[in-house]
Student: 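I'd like to ask you about the structure that follows.
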Amino acid sequence: MTAIHARFKLDYPGFTLDVDIKLPGSGVTALFGPSGSGKTTLLRCIAGLEHAEGGLLRMNDQVWQDGEKFLPTHARSLGYVFQEAGLFPHLSVRRNLEYGLIRIVPDKRKVQLEQVVELLGLSKLMARTDPTSLSGGERQRIAIGRALLTSPNLLLMDEPLSALDAASKQEIFPYLERLHRELEIPVLYVSHALDEVARLADHLVLLEQGRVIANGTLGETLSRLDLPTAHLDDAGAVIEAKVAMHDEAYSLTRLDFSGGSLWVSKIERAAGTLMRARVLARDVSVAIAAPHGSSITNIVAARIVEIRDEGRDRVSLRLAVGGGQTLLSRITRRSRDQLGLVAGMEVYAQVKSVALIA
Amino acid sequence: MTAIHARFKLDYPGFTLDVDIKLPGSGVTALFGPSGSGKTTLLRCIAGLEHAEGGLLRMNDQVWQDGEKFLPTHARSLGYVFQEAGLFPHLSVRRNLEYGLIRIVPDKRKVQLEQVVELLGLSKLMARTDPTSLSGGERQRIAIGRALLTSPNLLLMDEPLSALDAASKQEIFPYLERLHRELEIPVLYVSHALDEVARLADHLVLLEQGRVIANGTLGETLSRLDLPTAHLDDAGAVIEAKVAMHDEAYSLTRLDFSGGSLWVSKIERAAGTLMRARVLARDVSVAIAAPHGSSITNIVAARIVEIRDEGRDRVSLRLAVGGGQTLLSRITRRSRDQLGLVAGMEVYAQVKSVALIA
Amino acid sequence: MDSTISPADLAAIWLTIKLATVVTAILLLVGTPLAWWLARTRCWWKGAVGAVVALPIVLPPTVIGFYLLVAMGPHGPLGQLTQTLGIGLLPFTFAGLVVASVIYSLPFVVQPLQNAFEAIPERTLEIASTLRASALDTFFSVALPLAKPGLFTASVLGFAHTVGEFGVVLMIGGNIPDQTRVASVQIYDHVQAMEYTQAHWLSAALLLFSFAVLLLLYTFHPTGKRK
Amino acid sequence: MDSTISPADLAAIWLTIKLATVVTAILLLVGTPLAWWLARTRCWWKGAVGAVVALPIVLPPTVIGFYLLVAMGPHGPLGQLTQTLGIGLLPFTFAGLVVASVIYSLPFVVQPLQNAFEAIPERTLEIASTLRASALDTFFSVALPLAKPGLFTASVLGFAHTVGEFGVVLMIGGNIPDQTRVASVQIYDHVQAMEYTQAHWLSAALLLFSFAVLLLLYTFHPTGKRK
Amino acid sequence: QTAQADEKLTIAAAADLKFALDQIVVLFKSTHPAAQIEAIYGSSGNFSTQLRQGAPYDLYFSADIAYPRALKEEGFAASEVQTYGMGRIVLWSLTRDASKMTLADLTDPSIQKIAIANPQHAPYGKRAEEALRASGVWEKVESKLVYGENIAQTAQYVQSGNAQIGIIALSLALSPELAQQGGYALIPDKLHQPLEQGFIITKHGADNTLAHEFAGFITDKQTKAIMTRYGFVLPDAVK
Ligand SMILES: Nc1ncnc2c1ncn2[C@@H]1O[C@H](COP(=O)(O)OP(=O)(O)OP(=O)(O)O)[C@@H](O)[C@H]1O
Ligand SMILES: Nc1ncnc2c1ncn2[C@@H]1O[C@H](COP(=O)(O)OP(=O)(O)OP(=O)(O)O)[C@@H](O)[C@H]1O
Ligand SMILES: [Mg+2]
Ligand SMILES: [Mg+2]
């Protein structure tokens with residue numbers, strides 16, 4: 001479903017953005033890259049805020065920008081949450097929220113005010129008249145709500161959750177998920193937090209110095225050891241598995257995939273539902289013999305596909321776990337030598353912790 | 001070492017800050033709490049930006065503020081990194097950095113420009129004249145450097161790293177640690193990221209609706225089960241241990257304590273140095289027989305002291321590991337039952353990951 | 001000599017208020033788009049336009065008045081134009097006063113407005129455009145409200161300057177009672193005729209009225225202080 | 001009659017430039033702290049001060065000139081003061097022109113400056129104070145540079161208004177060659193004497209000079225556009 | 001007072017005197033080559049106000065003798081008030097032949113605007129009003145009147161075509177600028193009070209010998225000839 005095609009070239013002194021990417025027309029695409037790699041610049045190009053000569057932007061059947069045409073920002077059906085909240089200082093909280101809403105004809109409003117207020121926990125703030133007196137997180141939540149209320153066909157979010165605490169994030173995540181699932185709004189999501197990305201994104205674009213160095217599905221991209229993401233603390237892989245059964249007594253759920261099974265905290269999903277589970281490399285240890293008498297519940301038979309040095313003391317292992325799926329493991333170099341691990345060897349992957357994505 | 005005493009009461013419509021806390025005069029104190037809980041407001045009071053009637057602020061022997069006295073902000077030797085970078089738009093990057101520096105007499109400059117430029121990776125940005133064209137992360141790094149360069153006696157940081165990517169964070173962390181260790185600058189650090197807090201902080205203050213609900217050392221506070229933090233993923237304990245030996249070949253260092261030893265990534269410390277290591281509960285699994293052939297390097301004999309339910313599917317174990325020290329472990333309730341774990345039992349704690357604090 | 005304010009004085013005051021109000025309204029209508037254009041354009045001849053707008057103030061009002069009189073007279077280009085349009089001649093009419101005052105006070109309105117518009121961060125306008133506001137919509141819903149302090153200053157300076165102006169007005173207006181004899185001209189006449197008592201009274205009345213209006217405005221005006 | 005600019009005209013132009021420069025400098029020196037105070041204070045009588053500053057413009061210049069003349073004369077309060085201070089009397093001297101012009105042009109300088117100061121976010125000043133800058137230091141290192149567009153407008157309006165002013169100047173200055181006969185008065189005299197050719201030349205010279213200065217300023221001025 | 005200071009003379013004179021006085025000064029200078037003489041022209045009323053506040057003028061020539069008389073009474077004069085001429089008013093037009101017109105012709109409906117100086121304070125304006133009243137047309141023309149601040153501005157209203165006709169000073173109608181344009185008709189001086197114009201040596205000029213010499217020069221024959229040429233009726237001729 002390649003529905004967004006963006007091609008931009010933009011020169012700043014000392015920095016050049018040069019991208020040509022196709023992105024899926026639904027789901028969340030994460031834009032990931034170091035500070036100054038051009039994430040914001042790319043979003044600005046897409047929004048039409050930068051006038052990149054010879055740029056091209058196609059949204060499904062619509063051309064937003066090409067050699068001849070340049071749709072101005074306000075004519076592009078998009079929502080943009082900026083890196084800084086940027087509330088209108090002259091408008092009350094309510095008027096800020098409604099700013100975009102009232103500019104959409106009522107028929108086309110897919111997102112309602114009450115919905116957003118409830119979800120983002122804004123009811124207490126609605127009466128505030130001076131948005132400059134709000135806390136950082138409060139401002140950011142209003143900015144998110146304001147963008148959502150334009151019922152956009154594309155949502156651009158530039159680190160929208162960085163000012164929010166874990167609890168608020170936990171509340172907003174499911175809504176964003178629901179949003180892009182139910183309303184089919186594709187989201188382009190810039191974030192520095194890999195766990196956030198892993199939680200939300202289906203698709204991942206890696207930027208470095210203004211260039212796209214990877215563009216693919218989340219699982220695919222994250223399990224590659226040649227990308228910078230592999231060096232991060234939060235490196236890990238994604239497993240697709242089906243809900244197999246619930247253990248009511250211990251409040252656990254078993255997910256099955258062709259290579260084995262994983263136990264996770266109980267989820268309210270019917271058996272058979274397809275789920276995606278993210279497993280961090282640092283949560284995976286390996287054993288050469290089947291472990292017994294350990295509190296580690298999830299043990300999966302695996303074959304070492306690839307071993308790469310990771311810094312001076314650690315190595316990353318790529319493990320094939322059956323069904324063409326992959327796990328990553330990060331262990332000390334010494335353990336590798338002590339256990340005599342080499343590519344091709346059959347081992348047991350011990351998974352301490354599993355996070356469900358969707 | 002209670003060296004900072006702060007007492008403030010401040011009323012806004014719908015919000016009251018009411019705190020009376022004593023904080024250590026060195027190390028990093030994390031301020032943790034949900035959005036709108038008053039973290040920024042507290043920092044502003046301490047900085048003298050809010051004029052709280054009847055407030056009290058003592059820094060070591062100095063009174064910064066009491067019934068009679070009110071030291072204006074510029075006379076308080078503090079650095080403040082705001083939630084938004086707030087660079088001076090009329091000054092170049094270099095002049096922004098130097099703004100505070102040139103206001104400090106050269107004798108009192110404990111932090112040097114070159115040092116900060118290198119650490120924060122600013123050398124490429126120094127020639128930039130228009131700070132408004134910087135990326136979000138670039139701005140934030142300059143704001144941090146600018147505050148550091150005033151060589152403050154107290155550093156207030158309001159989510160300074162939220163706009164930074166993991167790699168930048170990893171580079172800045174050690175410097176911040178070195179800063180407060182070598183220069184003995186106490187840091188008050190607001191963050192939403194518990195892993196950031198755990199990495200950096202010695203001391204933790206929990207705020208909720210303008211009130212302090214906990215104030216203590218990091219280990220103490222994080223392992224308390226009655227606090228909101230207990231439900232967070234990052235609960236854990238702290239082990240004090242001495243540097244015993246280095247394994248140059250594998251680039252590892254062994255820390256010994258009376259109950260056993262832990263291998264960590266090699267650190268440049270002489271043997272005998274006392275270190276503190278933080279071990280997250282979720283990184284500790286237990287086994288009833290000594291494990292063999294596993295990549296998990298750190299295995300410590302332990303005795304179960306206490307078992308507590310943690311949610312419906314998990315339990316927390318408190319493990320005595322000798323020398324009166326404690327480890328926490330979080331495992332599934334089912335594993336507890338399968339392994340027949342009860343208080344008093346001897347087990348093996350398998351530690352997947354260790355973070356050094358100081 | 002009467003020590004209070006005569007009916008003629010009252011008529012002059014009333015005419016002044018009428019003139020200043022009409023002129024201020026027109027100044028804002030003309031000056032606001034002009035200032036917005038000056039604040040936002042990257043045109044190279046923007047500087048020239050700015051300079052031309054500011055130019056009238058460097059000439060003495062009476063001289064400006066003289067040139068306007070000639071230009072608006074039956075043989076002047078403006079006069080030809082108004083005659084062709086069937087409006088007739090402007091000198092010695094209220095409309096003539098309005099036109100002259102607008103030209104003469106324009107810079108006092110354009111300058112503060114331009115500053116206010118320039119102080120609005122580009123980002124704020126960008127945000128509005130991502131919220132579906134067209135350029136015009138953004139101008140009215142964001143730029144104008146945020147430029148309130150500038151609008152305020154522009155109105156005060158434009159109004160006060162029109163009230164106090166008399167060189168241009170005297171020249172163009174011909175000092176016709178009830179039609180073009182505004183308060184400033186009337187005070188001037190009193191002073192020239194050494195009718196000091198009347199001059200004092202009328203000045204005092206004008207000052208008091210203006211002070212009251214300004215005080216009200218200043219006290220309740222939307223402060224531009226930003227957080 | 002000569003169609004070029006006479007030495008007397010040149011002297012007048014020179015005097016005008018001198019006067020306008022001195023007056024603008026004093027206006028900025030006086031107006032900047034005043035505007036800063038007006039922008040930052042929460043005093044209840046701030047509105048009154050603002051209104052009083054704006055008040056001179058609502059009176060016709062000649063009338064202001066008349067009142068100032070009386071006040072600065074040998075029996076006026078200002079005159080008594082200057083005599084006591086040993087400065088002598090101000091009317092008919094260059095110093096007198098300066099004082100009168102400053103009073104008359106003050107609002108054109110204070111208003112734009114006040115707006116510029118009010119537009120500086122409180123946060124920016126707070127940041128400076130956390131970087132050890134005292135209030136005064138912050139004013140010079142942050143507020144003043146950020147208020148550049150306002151300073152620019154204030155200077156342009158103050159300078160141009162002083163150049164063009166002639167009612168006050170004529171009254172206080174007494175039209176004395178080389179001392180108080182500035183270009184505006186000179187042009188006025190030419191027009192009164194129906195020496196139109198001279199008036200045109202001098203006007204053109206003044207306009208051209210002002211246009212050149214303004215164009216230069218406008219083209220290279222620090223644009224206030226914010227990101 | 002040094003001798004050098006005495007070589008300087010500042011004369012404040014009514015604007016209508018400009019054309020005559022400029023020539024008189026040239027003439028005077030031929031006998032006083034070292035003298036530095038500045039003639040400043042403006043409104044008689046302004047000058048009298050300024051003289052009360054110590055203006056540095058040595059001689060004051062007013063268009064209306066009332067001003068110097070008041071100054072004399074208040075002690076600001078160093079000489080008697082001397083009459084130097086009588087002003088005359090004329091009907092003047094650019095577009096029609098005014099030389100054949102009388103005040104009664106002003107009621108002609110094709111004349112839409114008539115410019116006179118402001119009778120409130122300008123002496124020529126006062127006389128114009130008197131003449132209009134005396135000839136019985138005031139009521140009929142009042143609505144057509146526009147008022148110049150002074151006599152020069154009044155002439156400019158006519159000159160620029162905005163007024164079809166005006167009542168101005170004879171001295172102005174005879175001035176180099178206006179003499180070639182249009183024609184004028186003298187208004188009989190029976191119709192208005194005499195326009196007596198006088199001058200004084202001011203307190204400031206009391207010790208200025210040049211001021212006294214210039215005052216004496218006003219009764220010189222050559223001076224009188226110039227005054228007559230520019231339309232001033234000399235005091236002795238009035239009798
Ligand atoms: N107008 C400009 N002139 C010069 N350089 C610019 C300009 N605008 C942006 N840049 C540079 O382009 C690079 C990319 O900026 P961008 O804001 O897109 O980065 P980013 O990936 O969003 O970073 P961050 O995560 O820090 O927000 C940065 O190095 C920035 O300094
Ligand atoms: N001037 C004010 N008037 C009214 N309420 C205010 C004012 N200033 C702050 N508040 C409120 O006080 C509360 C605490 O604000 P504060 O900025 O300290 O929160 P915070 O803990 O820093 O939150 P965040 O993590 O979102 O930045 C917020 O609910 C805020 O809306
Ligand atoms: Mg960015
Ligand atoms: Mg905050």
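Just so we're clear, the structure is a prediction, and the values are computed from it rather than from any experiment. Below, read A as the first sequence line, B as the second, and so on, with proteins coming before strands; counting in each chain starts at 1.
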Student: Supply the atom-to-atom distance B/Ser295 OG to A/Ile331 CD1, rounded to the nearest 0.5 angstrom.
Tutor: 5.0 Å
Student: To the nearest 0.5 Å, what is the distance between NE2 (A/His292) and NE2 (B/His292)?
Tutor: 12.0 Å
Student: I need the A/Ser135 OG to B/Phe15 CZ distance, nearest 0.5 Å.
Tutor: 9.0 Å
Student: Determine, step by step, whether A/Lys352 and B/Asp283 satisfy the salt bridge (charged side-chain N to carboxylate O under 4.0 Å, His left out) criterion, reporting the C-alpha distance in whole Å, the side-chain angles of both residues, the deciding distance to 0.1 Å, and the verdict.
Tutor: CA-CA 8 Å; A/Lys352 175 81 179 108; B/Asp283 283 338; over 6 Å; no
Student: In terms of heavy-atom pairs under 4.5 Å, which option from B/Gly36, B/Ala289, B/Gly33 contacts chain A the most?
Tutor: B/Gly36
Student: Would you please test B/Ser285 and A/Ser294 for side-chain hydrogen bond (donor to acceptor under 3.5 Å, both in side chains) and show each step?
Tutor: CA-CA 7 Å; B/Ser285 54; A/Ser294 160; 4.8 Å; no
Student: Are there over 12 heavy-atom neighbours, none belonging to A/Tyr250, within less than 6.0 Å of that residue's OH?
Tutor: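 More than 12 heavy atoms, drawn from other residues, nucleotides or ligands, come within 6.0 Å of this atom.
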Student: Could you walk me through whether A/Arg334 and B/Asp247 pass salt bridge (charged side-chain N to carboxylate O under 4.0 Å, His left out), step by step?
Tutor: CA-CA 10 Å; A/Arg334 189 170 61 172; B/Asp247 180 338; 3.5 Å; yes
Student: Against chain B, label A/Glu84 side chain, backbone, both or neither, depending on which of its atoms sit under 4.5 Å from a heavy atom there.
Tutor: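 When you check distances to chain B, only side chain atoms of A/Glu84 fall under 4.5 Å.
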Student: In sequence, state the C-alpha distance, the side-chain angles, and the governing distance for B/Ser35 and A/Arg141, and then conclude on side-chain hydrogen bond (donor to acceptor under 3.5 Å, both in side chains).
Tutor: CA-CA 10 Å; B/Ser35 174; A/Arg141 279 181 283 154; 3.2 Å; yes
Student: Calculate, to the nearest 0.5 Å, the distance between atoms OG1 and CG belonging to B/Thr40 and A/Leu134 respectively.
Tutor: 11.5 Å
Student: Can you list the residues that meet the side chain to side chain contact (heavy atoms under 4.5 Å, CB included) rule with B/Glu50, with sequence neighbours excluded?
Tutor: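 Per chain and number, B/Glu50 pairs via side chain to side chain contact (heavy atoms under 4.5 Å, CB included) with B/Leu10, B/Tyr12, B/Arg44, B/Cys45.
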Student: Going by the rule side chain to side chain contact (heavy atoms under 4.5 Å, CB included), which residues pair with A/Ser191 if we only count those two or more places apart in sequence or in a different chain?
Tutor: A/Tyr189, A/Ala193, A/Glu196, A/Val197
Student: Can you check whether A/Ile296 reaches B/Ile296 side chain to side chain, under 4.5 Å on heavy atoms?
Tutor: yes
Student: Which atoms form the tightest heavy-atom contact between B/Asp313 and A/Ser251, and what is the distance?
Tutor: CB-O, 3.3 Å
Student: Please state whether the side chain, the backbone, both or neither of A/Arg336 comes within less than 4.5 Å of a heavy atom of chain B.
Tutor: neither
Student: Do you know which of B/Val347, B/Thr41, B/Asp158, B/Asp337 has the most heavy-atom pairs under 4.5 Å to chain A?
Tutor: B/Asp337
Student: Can you tell which part of A/Ala127 gets under 4.5 Å to a heavy atom of chain B, answering side chain, backbone, both or neither?
Tutor: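 It is neither, since no heavy atom gets under 4.5 Å.
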Student: Checking heavy atoms, do the side chain of B/Ile288, its backbone, both or neither come under 4.5 Å from chain A?
Tutor: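 Contact with chain A is through both the backbone and side chain of B/Ile288.
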Student: Could you give the distance from CG (A/Leu252) to CZ (B/Arg333), rounded to the nearest 0.5 Å?
Tutor: 8.0 Å
Student: Which bit of B/Val284 comes within less than 4.5 Å of chain A, counting heavy atoms only: side chain, backbone, both or neither?
Tutor: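 The backbone, not the side chain.
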Student: Against chain A, label B/Gln338 side chain, backbone, both or neither, depending on which of its atoms sit under 4.5 Å from a heavy atom there.
Tutor: neither
